[in-house]
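Note on naming: letters A, B, ... go to the chains in the order of the sequence lines (proteins, then strands), and numbering restarts at 1 for each one.
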Number of protein chains: 2
Amino acid sequence: MDLPASAFPSPVHDHQDCVRAALDAAEAKCEQRGARLTSLRRRVLELVWTSHEPVGAYALLDTLKSEGQAAAPPTVYRALDFLIEQGLVHRLERLNAFVGCPRPEASHSAQFLICTACGRAAELDDPAIGQAVRQGAEARGFSVGRQTIEVEGLCADCQGTLQKK
Amino acid sequence: MDLPASAFPSPVHDHQDCVRAALDAAEAKCEQRGARLTSLRRRVLELVWTSHEPVGAYALLDTLKSEGQAAAPPTVYRALDFLIEQGLVHRLERLNAFVGCPRPEASHSAQFLICTACGRAAELDDPAIGQAVRQGAEARGFSVGRQTIEVEGLCADCQGTLQKK
DNA sequence: GGGGCGATGTTATGTTGTAACAACCGTACT
DNA sequence: AGTACGGTTGTTACAACATAACATCGCCCC
C-alpha cells in the first residue's frame, strides 16, 4: 500500500478530473439519498470546485450574477447549506469560506490543512486525530459531537518553493 | 496525581476567584513581557471573564458603552487583539467569540470544548491531541503552524442534567 | 385544474470586522 | 519648560459575512 505523499494535489494535476469526479460523486450521492441536485446547486458546487482554494460566499455570488443568474446572498447560502447537508462541501471556520469535499462517499469528520502560502486547503481524514480528540475530551467527561479541526501551515509544494528562493 | 474530572468548572464554583486569578496572571505576564495592560485592556479582559461562556465583541462593546466609556468597534477589537497577542484571551472561530485563557503562564496551542447546552467553553491542553494533528499533517509533508481545534458536545454537568429529565 | 410542497426570487436588515486618520498622553531628550 | 516621538485611544466610515421574512415559481400528485 502507498500512503499519499501529500494531501494536496500536484501543482500540475488535471483539475478538470477533480471537477468531474466531484460532480459525478455528487449526482450519485444525491440520487442515493433522494436529494435534488438542481441546476443551481450543481452550478454552485462546480464553482466551489473552481480550484482547491476555499471560496467565499460572496465570490460565488458575484460569479453567479456575472453569468446572468438572478442571485442574492440567500441564493448562495441556501445552495451551500444544501451542499453541506449532503456532505459535498465543507465550511472552513477560520476563513469563512467553503471548499469541495473530495470524498463525499465516506461519512467522516474531517480535518483541514490550510496552506498560508498558496491558499489551498486539503482534507485530512485521519482517524487517529479524531480519536485523540475524542479520548482527551471524554477523559474529562465531555461527550463529543462535532469537531472543527483546521491547521494552518505550509504545504509540501510551498515549502519547496520558499526554500529555493 | 489526580486528573481533572472535568475541564469545566463546577457549577457552584466561586467565579470571583477565576476573575481575580486571571487578572493577577495578566498583570504578571504583561509586566514580565513589557506589555502595557492599560485600564481599558484590563477592563475588557475582566468583561471577557464575566463568565465561562464565550462573549462576542459587540456584547463587550455594549457593556463598555453602558459604562460611559467612549467606545466603537475598534476600541474592543484593538483591546482583544492585544489580549490575544499576550495569550490572555482566545478566539473561538466557530462562534466568533472570545474567552479568557485560564492558564496564560504556559504557552500552549489549546483545544476547546464547547458545550452546546450551557454555552460554556473550556480549554483542553492535551499534548496528545496536538501531537496527533502534527503527526498526521507532517506525514503528508505539511509543515504545521497554528492549530484550531474546537469540539462541540455536552459537558459533564449538562449530560447529567439532561439525563435526569 | 387545483392543492401542496420544495426551490428560488426579492427586499431588507442583522452581525462581525477593518481602514484611515485625528487626538491624546506619557516619556525622553534638550 | 519645550518638543519630538511612539504607543494608545477616539471617531467616522465602510467592508465582509449572514439571515429573516415573504412572494413567486414550477413540479408532482390526485
Side-chain angles (χ1 to χ4, degrees), chain A residues 26-27 30-31 33-48 53-86 88-99 119 121 148 150, chain B residues 26-27 30-31 33-48 53-86 88-99 119 121 148 150:
Chain A
E27 297 278 10
C30 286
E31 182 163 5
R33 297 181 56 162
R36 294 173 51 190
L37 187 63
T38 63
S39 73
L40 175 62
R41 289 166 173 171
R42 188 187 156 90
R43 181 61 185 141
V44 170
L45 178 59
E46 195 176 5
L47 290 177
V48 168
E53 291 182 46
V55 58
Y58 278 70
L60 296 170
L61 178 57
D62 288 345
T63 305
L64 286 179
K65 284 200 275 197
S66 77
E67 294 174 345
Q69 166 77 42
T75 309
V76 170
Y77 281 104
R78 285 192 289 229
L80 288 170
D81 286 347
F82 171 85
L83 295 168
I84 291 169
E85 186 89 12
Q86 304 305 318
L88 303 171
V89 162
H90 295 292
R91 175 187 169 87
L92 297 179
E93 300 292 343
R94 282 192 62 78
L95 305 178
N96 296 330
F98 303 86
V99 70
T148 299
E150 298 174 11
Chain B
E27 297 279 9
C30 285
E31 181 163 6
R33 298 181 56 162
R36 294 174 50 190
L37 186 63
T38 64
S39 74
L40 175 63
R41 289 165 173 172
R42 189 187 155 90
R43 180 62 184 140
V44 169
L45 178 59
E46 195 176 4
L47 290 176
V48 168
E53 291 182 46
V55 59
Y58 279 71
L60 297 170
L61 177 57
D62 288 345
T63 304
L64 286 179
K65 284 200 277 197
S66 78
E67 295 174 345
Q69 166 76 43
T75 309
V76 169
Y77 281 103
R78 284 192 289 229
L80 288 170
D81 286 347
F82 171 86
L83 294 169
I84 290 168
E85 186 88 12
Q86 304 305 320
L88 303 172
V89 162
H90 295 293
R91 175 188 168 87
L92 295 179
E93 300 292 343
R94 282 193 63 77
L95 305 178
N96 296 330
F98 303 86
V99 70
T148 299
E150 298 174 11

note = Protein-proximity profile, nucleotides 23-28 of chain C, B/S/- by nucleotide at the 4.0 Å heavy-atom cutoff, equals ------
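Listed by residue number, the members of residues 63-71 of chain A with any heavy atom below 4.0 angstrom from DNA chain C are A:Q69, A:A70.
Here the side chains of A:F82 and A:L37 are in contact, with some heavy-atom distance below 4.5 Å. Side chains of B:R91 and B:V99 form no contact here, defined as non-hydrogen atoms less than 4.5 Å apart.
When rounded to the nearest whole Å, the span between CG of A:L40 and P of C:dG6 equals 18 Å. Put simply, CG on A:L60 is 15 Å from P on D:dA16, counting in whole angstrom units. Distance CG (B:L37) to C1' (D:dT9): 15 Å, rounded to an integer number of Å. Atom pair B:L61:CG and C:dT16:P shows a separation of 11 Å (rounding to whole Å applied). Atom CD in B:Q86 sits about 14 Å away from atom C1' in D:dG7, given to the nearest Å. In this structure, CZ of A:R94 is placed 15 Å from C1' of C:dG17, rounded to the nearest angstrom. When the P atom of D:dA15 is taken as reference, atom CG of A:D62 falls 14 Å away, rounded to whole Å. Remark: P of C:dT8 and CZ of A:R42 are 14 Å apart, rounded to the nearest angstrom.
In this structure, the separation between OG1 on B:T75 and CD on B:Q69 is 7.0 Å, given to the nearest 0.5 Å. The distance from the CD atom of A:Q86 to the CZ atom of A:R36 is 12.5 Å, given to the nearest 0.5 Å. Atom CD of A:E93 and atom CG of B:L95 lie 8.5 Å apart (nearest 0.5 Å). In this structure, CG in A:L80 is found 11.0 Å from CG in A:L88, a value given to the nearest 0.5 Å.
Side-chain N/O atoms of A:T38 include one lying less than 4.0 angstrom from OP1 or OP2 on C:dT8. A close approach under 4.0 Å does occur between a side-chain nitrogen or oxygen of B:R41 and OP1 or OP2 of D:dT8.
Under the salt bridge (charged side-chain N to carboxylate O under 4.0 Å, His left out) criterion, A:R42 pairs with A:E27, sequence neighbours left out. Every residue was checked against the salt bridge (charged side-chain N to carboxylate O under 4.0 Å, His left out) condition with B:E150, not counting sequence neighbours, and none meets it.
Residue-to-nucleotide contacts include no donor-acceptor pair under 3.5 Å from the side chain of A:R78 to the base of C:dG6.
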Please tabulate, for the side chains in residues 60-67 of chain A, all donor-acceptor contacts under 3.5 angstrom to protein atoms that are two or more places apart in sequence or on a different chain.
{"from": "A:T63", "atom 1": "OG1", "to": "A:A59", "atom 2": "O", "distance (Å)": "3.1"}
{"from": "A:S66", "atom 1": "OG", "to": "A:T63", "atom 2": "O", "distance (Å)": "2.7"}
{"from": "A:E67", "atom 1": "OE1", "to": "A:R43", "atom 2": "NE", "distance (Å)": "3.2"}
{"from": "A:E67", "atom 1": "OE2", "to": "A:R43", "atom 2": "NE", "distance (Å)": "3.2"}
{"from": "A:E67", "atom 1": "OE2", "to": "A:R43", "atom 2": "NH2", "distance (Å)": "2.3"}

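The nearest pair of heavy atoms linking A:V55 to A:V48 is CG1-CA, 4.0 Å.
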Any protein N or O atoms within reach of nucleotides 17-19 of chain D? Criterion: under 3.5 Å, listing atom names and distances.
{"from": "D:dA18", "atom 1": "OP1", "to": "A:R91", "atom 2": "NH1", "distance (Å)": "2.7"}
{"from": "D:dA18", "atom 1": "OP1", "to": "A:R91", "atom 2": "NH2", "distance (Å)": "2.2"}
{"from": "D:dA18", "atom 1": "OP2", "to": "A:Y77", "atom 2": "OH", "distance (Å)": "2.8"}
{"from": "D:dA18", "atom 1": "O5'", "to": "A:Y77", "atom 2": "OH", "distance (Å)": "3.3"}
{"from": "D:dA18", "atom 1": "N7", "to": "A:Y58", "atom 2": "OH", "distance (Å)": "2.5"}
{"from": "D:dA18", "atom 1": "N6", "to": "A:Y58", "atom 2": "OH", "distance (Å)": "3.3"}

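Atom CD of A:E31 has 12 or fewer heavy atoms from other residues, nucleotides or ligands within 6.0 Å.
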